[in-house]
Amino acid sequence: RKDRMVTVRRDGGPATAHRDQPRVGINVWATTEQHATDLSRLVVAILRSLPDGAPILAVPSVSGPSSVADESSQPRRYFTAELHTRGVSL
């Protein structure tokens, strides 16, 4: 794992032919507790800035970040988010 790393994984959420509501789990690792918190806050700010209608319509829910014990003892944060998106023409 890198000293600073963010992973995003889709953990579910409904989808239709034209809309999608992915629920994502986000893990953040850093070299110190403060850096993990700061990087998490940056990722949350980026998520909240995404809605522009093309294709992300809204980010109605962000839960966390929370401190999570990691087997490597590297500082880690975890949070979830829900996004509302619409389909785009290919």
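Every heavy atom of this structure was used, including side-chain atoms; hydrogens, water molecules and symmetry mates were not. Note that the structure is a prediction, hence the values are computed from the model and not measured.
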Checklist entry - What distance separates Asp3 CG from Thr31 OG1, expressed to the nearest 0.5 Å? => result 6.0 Å

Item to check | Quiz item: cation-pi between Arg4 and Trp29, 6.0 Å / 45° | outcome: no

Next on the checklist: With side-chain contact (heavy atoms from CB on, under 4.5 Å) as the criterion, how do Thr37 and Leu39 come out once you've worked through the C-alpha distance, each side chain's angles and the decisive distance to 0.1 Å?
Outcome noted: CA-CA 6 Å; Thr37 296; Leu39 184 54; over 6 Å; no

Next on the checklist: Quick check: is Leu83 connected to Leu42 through a chain of hydrophobic side chains (ILVMFWY, heavy atoms under 4.5 Å apart)?
Outcome noted: yes

Next on the checklist: Check whether Arg10 reaches the backbone of Gly13 with its side chain - one donor and one acceptor, N or O, closer than 3.5 Å.
Outcome noted: yes

Next on the checklist: Please evaluate residues Phe79 and Ser66 with respect to the criterion side-chain contact (heavy atoms from CB on, under 4.5 Å), reporting the C-alpha separation (whole Å), side-chain torsions for both, the decisive distance (0.1 Å), and the verdict.
Outcome noted: CA-CA 6 Å; Phe79 58 100; Ser66 299; over 6 Å; no

Next on the checklist: Please give me the minimum heavy-atom distance between Ser72 and Arg1, naming the atom from each residue.
Outcome noted: OG-NH2, 3.3 Å

Next on the checklist: Side-chain heavy atoms nearer than 4.5 Å, only ILVMFWY residues, links allowed to pass through others: does that put Val24 and Met5 together?
Outcome noted: no

Checklist entry - Any side-chain heavy atom of Ser67 within less than 4.5 Å of one from Glu33? => result yes

Checklist entry - For the hydrophobic clusters of this structure (ILVMFWY residues joined by side-chain heavy atoms under 4.5 Å, transitively), does one cluster hold both Tyr78 and Val62? => result no

Item to check | Contact summary for Leu57 and Pro51, nearest pair of heavy atoms | outcome: O-CB, 3.5 Å

Checklist outcome for this item: Rounded to the nearest 0.5 Å, the OG1 atom of Thr80 sits from the CG atom of Asp11 at a distance of 8.5 Å

Next on the checklist: Is there a path of hydrophobic side-chain contacts, each under 4.5 Å between heavy atoms, that joins Val44 and Ile46?
Outcome noted: yes

Next on the checklist: Using a 3.5 Å distance criterion without hydrogens, assess whether the side chain of Arg86 forms a donor-acceptor pair with backbone atoms of Gly53.
Outcome noted: yes

Item to check | Criterion side-chain contact (heavy atoms from CB on, under 4.5 Å) on Val8 and Val43, from CA distance to verdict | outcome: CA-CA 10 Å; Val8 180; Val43 174; 6.0 Å; no

Checklist entry - With a 3.5 Å cut-off and no angle check, do the side chains of Arg77 and Asn27 form a donor-acceptor pair? => result no

Item to check | Steps toward side-chain contact (heavy atoms from CB on, under 4.5 Å) verdict (Arg23, Ser61) | outcome: CA-CA 9 Å; Arg23 284 183 217 111; Ser61 172; over 6 Å; no

Next on the checklist: Strictly distance-based, threshold 3.5 Å: is any side-chain N or O of Glu82 a donor or acceptor partner for the main-chain N or O of Val59?
Outcome noted: no

Checklist entry - When rounded to the nearest 0.5 angstrom, what is the spacing between OG1 in Thr85 and CD1 in Ile56? => result 7.5 Å

Next on the checklist: Nearest 0.5 angstrom please: Leu50 CG to His84 NE2, how far?
Outcome noted: 13.5 Å

